[in-house]
Amino acid sequence: MFDFLAAWSKLKVGYKYEIVNGIGFFTLPAFSATSLVRHGFTARCGGISKGPYSTLNLSFSRDDEPYENVLENYRLFADAADIDWDTMVMDSFEHGINIIPVGERHKGAGYLKPPLPPCDGLITNNADITLITGHADCLPIYFLDTEQLCIGLVHAGWKGTLNKICLNAIRLMQLRYNAKPTHLLAGIGPCICRNCFEVSSDLGERFALEYPGIPCVDKAKAGKAHVDLAMVTVAQCLEGCLLPENISYADVCTFEDERRLYSYRRDSGNTGGMAAYIKLA
Ligand SMILES: [Zn+2]
């Protein structure tokens with residue numbers, strides 16, 4: 001039988017954190033080491049937002065946060081990340097599994113132009129495009145094929161994870177850009193950890209049934225369970241034939257790291273959002 005924990009032990013666990021122009025960035029060392037991409041995940045510092053959104057809120061979907069504030073935060077972010085302002089393409093999350101291949105005509109989607117159709121993942125082989133996904137507990141999943149030079153970025157909450165959005169992204173990168181699982185890197189950025197992610201025991205049971213042999217569900221207090229969405233995502237990467245040593249896991253919990261990260265669950269929805277980004281160098 002396939003030994004999941006043996007594969008799990010080969011993951012590259014950890015991250016680098018640095019501050020540029022007052023803005024904090026988490027990065028995955030395996031991606032940085034290729035010199036083929038620029039990528040990262042923003043912390044909450046260095047922006048202009050106030051109150052529960054302080055300070056680098058990068059979510060346009062918060063009701064009482066002025067659009068102009070978020071736009072200004074994106075300007076500050078793009079400067080610090082050294083991203084050209086008009087190269088970004090944003091996801092338009094709906095907790096589905098739709099992935100959109102994006103190109104020149106999609107530049108500016110979500111901030112300079114209307115949002116894309118509902119999608120929780122973006123892929124491209126265009127070196128002039130910066131993929132952006134928004135997060136506040138949900139998993140950011142990065143992809144890079146080091147030979148075919150194509151990238152992907154996915155936003156995955158429990159719904160997307162249960163419905164295999166990660167595997168969907170891998171398959172679409174193969175189909176559209178001839179990506180090969182053996183030279184595909186995957187990485188999971190900051191997200192809510194298994195101890196902090198409590199769901200109904202019914203939902204826990206659905207994960208347990210879908211992933212037999214993967215220890216991704218813990219029993220919790222009556223009627224509740226804990227699910228390890230990162231572990232399920234790794235299982236999908238392995239199902240997609242990625243090599244375990246090519247999978248990175250930042251292992252930073254958004255719920256626990258209150259100083260650096262927003263958490264939708266911790267703050268009962270009254271909070272800002274972070275951005276994940278990746279661009280071919
Ligand atoms: Zn946690």
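Just so you know, ligand 1 is whichever comes first in the structure, and atom 1 is the first atom listed for that ligand. It should be emphasised that the depicted structure is a prediction, and the values quoted were computed from it without experimental measurement.
Considering Y53, Y67, Y111 in turn, Y67 is the only one that fulfils the ring pair (Phe, Tyr, Trp, His ring centres under 6.0 Å) rule with F60.
Taking the six-membered ring where the residue is Trp, F26 and F41 present perpendicular rings, their angle passing 60° and hence far from 30°.
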Please table the atom pairs, donor to acceptor, closer than 3.5 Å between any side-chain atom in residues 78-103 and protein atoms at least two apart or in another chain.
unit_1 : atom_1 : unit_2 : atom_2 : d
T87    : OG1    : D84    : O      : 2.8
T87    : OG1    : T130   : OG1    : 2.9
D91    : OD1    : G134   : N      : 3.4
S92    : OG     : L116   : O      : 3.1
S92    : OG     : P117   : O      : 2.8
S92    : OG     : C119   : N      : 3.2
N98    : ND2    : P118   : O      : 2.8

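Closest of all the heavy-atom pairs between L243 and T182 is CD1-O, 3.9 Å. Considering all non-hydrogen atoms of both residues, I278 and G152 come closest at CG2-O, 3.9 Å.
No salt bridge links R265 with E198; every basic N to acidic carboxylate O contact stays at or beyond 4.0 Å.
Within the protein, the N, O or S atoms sitting under 2.8 Å from the Zn ion (ligand 1) are C193 SG, C196 SG, C253 SG, E256 OE2.
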